[in-house]
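My questions will all concern the structure given below.
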Amino acid sequence: MNHPAPKTIGQQYGRRSWAEPWKIKMVEPIEMVSHDVREKAMAAAGYNTFLLRSDDVYIDLLTDSGTSAMSDRQWAGLMLGDESYAGSRNFYHLEDAVQSYYGYQYVVPTHQGRGAEHLISKAVIRPGMVVPGNMYFTTTRLHQELAGGRFVDVIIDEAHDPADPHLFKGNVDLDKLQALIDDVGAEQIAYISLAGTVNMAGGQPVSMANVKALRALCDRYGIRIYLDATRMVENCYFIQQHEDGYADKPIAAILKEFCSYTDGAWMSAKKDNLVNIGGWLAVNDEEVFDLARNMVVVYEGLHTYGGMAGRDMEALAIGIEESVQDDHVCSRVGQVLYLGDLLTEWGVPIVTPIGGHAIFLDAKRFYPHIPQDQFPAQTLAAELYLDAGVRGMERGNVSAGRDPETGDHRYPALELTRLAIPRRVYTQAHMDVVAESVKAVYDKRLQTKGLRMVYEPQYLRFFQARFEPLELD
Ligand code: PLI
């Protein structure tokens, strides 16, 4: 299958450069600590970037989650917080924003994405059920498993190949899904867990054609589709750029159409929605809503705040509206593409096509001499920090965890180190510094040794695991 080359931002606007649709009103100083301090900090953190102190980090690309810069309108919104325990006016603003921009009927606020994952998993999964999805995400799969479900990956094969040029590597493979339905029976399928974009595949999008076809297949069996809408706005940008018939449609219209093929969504508002904390679950089915709205009072807080302060809900409602503006999305993804293009030009192996929220370095090609049980992606994250204080995160063997049945490492096909770009935070100059650091680490790759794990927590081990460097020869 041939794919057209992705359009650059310059081509899209008929000029060479693009710029952010904002100017900076307040700054937060950052500094690079010395190499000596970085070495000590990395050792104290057990070679796990999650265990570093942020004061020891220069450019923080650990995550795009909760790290966005809020706008002046959002900060002003904080002052309008109605902190009533019940019925806060900010909840109704949030409810209206979710209904207007995502199109779902019923909204349950949660403290962040995993709170919403917990509610939907408990509401819909019965023990022994199967949850097919377009690649796992760490917290999502864990909540599905804790509710008694078994996640089955039905993403297209191209998603597992970091160099495959498919423009919609997040697509569901409908043949794989059909085979699964034939095998276990439709009544055993809890729902389809559809993520747009797919984080663990490199921020890869799902096409509109794919979700439409998925809807048609699911309708034949009465299977529901729930969307992980965490980065769905960014997914819509790729539909606008690459899918026939969408070039002239605004992101907001594409978002509404995509969501209309699904039955509900959970959301980590800390990403697309431009806030530092927050989440929501939204569904069209009144029965599921009823269950979730009842459970939220047990696990999160009353159904009109769900673990958020009133002011957080106000900032979130405003963030939703800002997040779907075309110029915002274009510059946000444009910055990711800028960094990715530089690295590609310099021959550094990254996941392509470049995704929406991060650059994913392909650690298997970066360090072909480090076997996967010596954690090449974890090693690369540590090396990047040591080089220039840039913090990324492992998305490979450590993140994949162990198979609950066999207890073995899962050894995913993708062994990646992620450099996630916070929204509206860093400049192009920061991206240049990052690219140069990656290049410096790449240039000395053959002298680099792997790690061994010396502490492994039971759940979501990547957050707290500790490592030691293997001895140099
Ligand atoms: O971190 P939470 O609980 O607000 O959201 C969980 C979550 C759900 N889905 C997806 C696709 C995520 O990426 C996600 C959280 N991601 C993090 C923290 C990240 O660094 O990618």
Side-chain angles (χ1 to χ4, degrees), residues 48-50 52 54 57 60-68 108-121 131 133-146 151 153 155 159 169-170 192-206 226-235 262 264-282 296 299-300 306-308 312 316 319 323 336 351 355-360 377 381 391-396 398-400 414 416-423 425 459-464:
N48 184 345
T49 51
F50 276 101
L52 287 166
S54 63
V57 173
D60 202 347
L61 307 186
L62 181 72
T63 179
D64 61 328
S65 180
T67 51
S68 298
V108 180
T110 61
H111 77 284
Q112 61 182 83
R114 68 201 73 182
E117 288 170 344
H118 181 205
L119 298 182
I120 191 73
S121 302
V131 188
N134 56 346
M135 201 173 272
Y136 85 100
F137 182 70
T138 53
T139 56
T140 316
R141 181 176 63 191
L142 181 59
H143 279 296
Q144 291 161 349
E145 288 174 352
L146 290 172
F151 178 83
D153 190 358
I155 202 167
K169 276 181 175 178
I192 310 296
S193 180
L194 181 73
T197 57
V198 181
N199 191 355
M200 302 303 277
Q204 305 296 324
V206 179
Y226 288 118
L227 177 68
D228 182 339
T230 295
R231 299 184 181 86
M232 192 56 224
V233 169
E234 290 162 7
N235 195 113
T262 68
W266 66 87
M267 181 74 187
S268 171
K270 301 170 72 172
K271 283 84 163 175
D272 264 0
N273 287 172
L274 297 167
V275 284
N276 305 122
I277 193 70
W280 46 262
L281 174 68
V296 80
Y299 295 111
E300 303 277 319
M308 281 182 281
D312 296 332
L316 169 50
S323 76
V336 179
V351 172
H357 67 297
I359 295 304
F360 288 74
R391 171 156 71 169
M393 126 175 11
E394 194 265 8
R395 295 275 79 158
V398 185
S399 295
L414 297 177
L416 309 173
T417 304
R418 187 184 76 172
L419 302 174
I421 320 285
R423 296 164 185 78
V425 170
Y459 297 116
L460 302 175
R461 63 183 183 175
F462 58 95
F463 283 130
Q464 292 154 339

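All ligand and atom numbering here is 1-based and tracks the order in the structure.
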Quiz item: Can you name the salt bridge (Lys or Arg N to Asp or Glu O under 4.0 Å) partners of Glu300, sequence neighbours left out?
Solution: none

Quiz item: Under a 4.0 Å heavy-atom cut-off, which residues neighbour ligand 1?
Solution: Thr63, Ser65, Gln112, Gly113, Arg114, Glu117, Phe137, Thr139, Asn199, Asp228, Thr230, Arg231, Ser268, Lys270, Lys271, Met393, Arg418

Quiz item: Of all residues at least two apart in sequence or in a different chain, which pass the salt bridge (Lys or Arg N to Asp or Glu O under 4.0 Å) check with Asp64?
Solution: Arg231, Arg332, Arg423

Exercise. Would you give the length of the straight line joining atom CG of Leu460 to atom CZ of Arg141, rounded to the nearest 0.5 angstrom?
Key: 9.5 Å

Exercise. Check for a donor-acceptor pair, side chain of Thr417 on one end and backbone N or O of Ala377 on the other, with a separation under 3.5 Å.
Key: yes

Practice problem: Return the set of residues passing side-chain contact (heavy atoms from CB on, under 4.5 Å) with Ala116 (not counting sequence neighbours), or none when no residue passes. | Solution: Thr110, Trp266, Leu281

Quiz item: Any side-chain donor paired with an acceptor under 3.5 Å for Asp312 and His111?
Solution: no

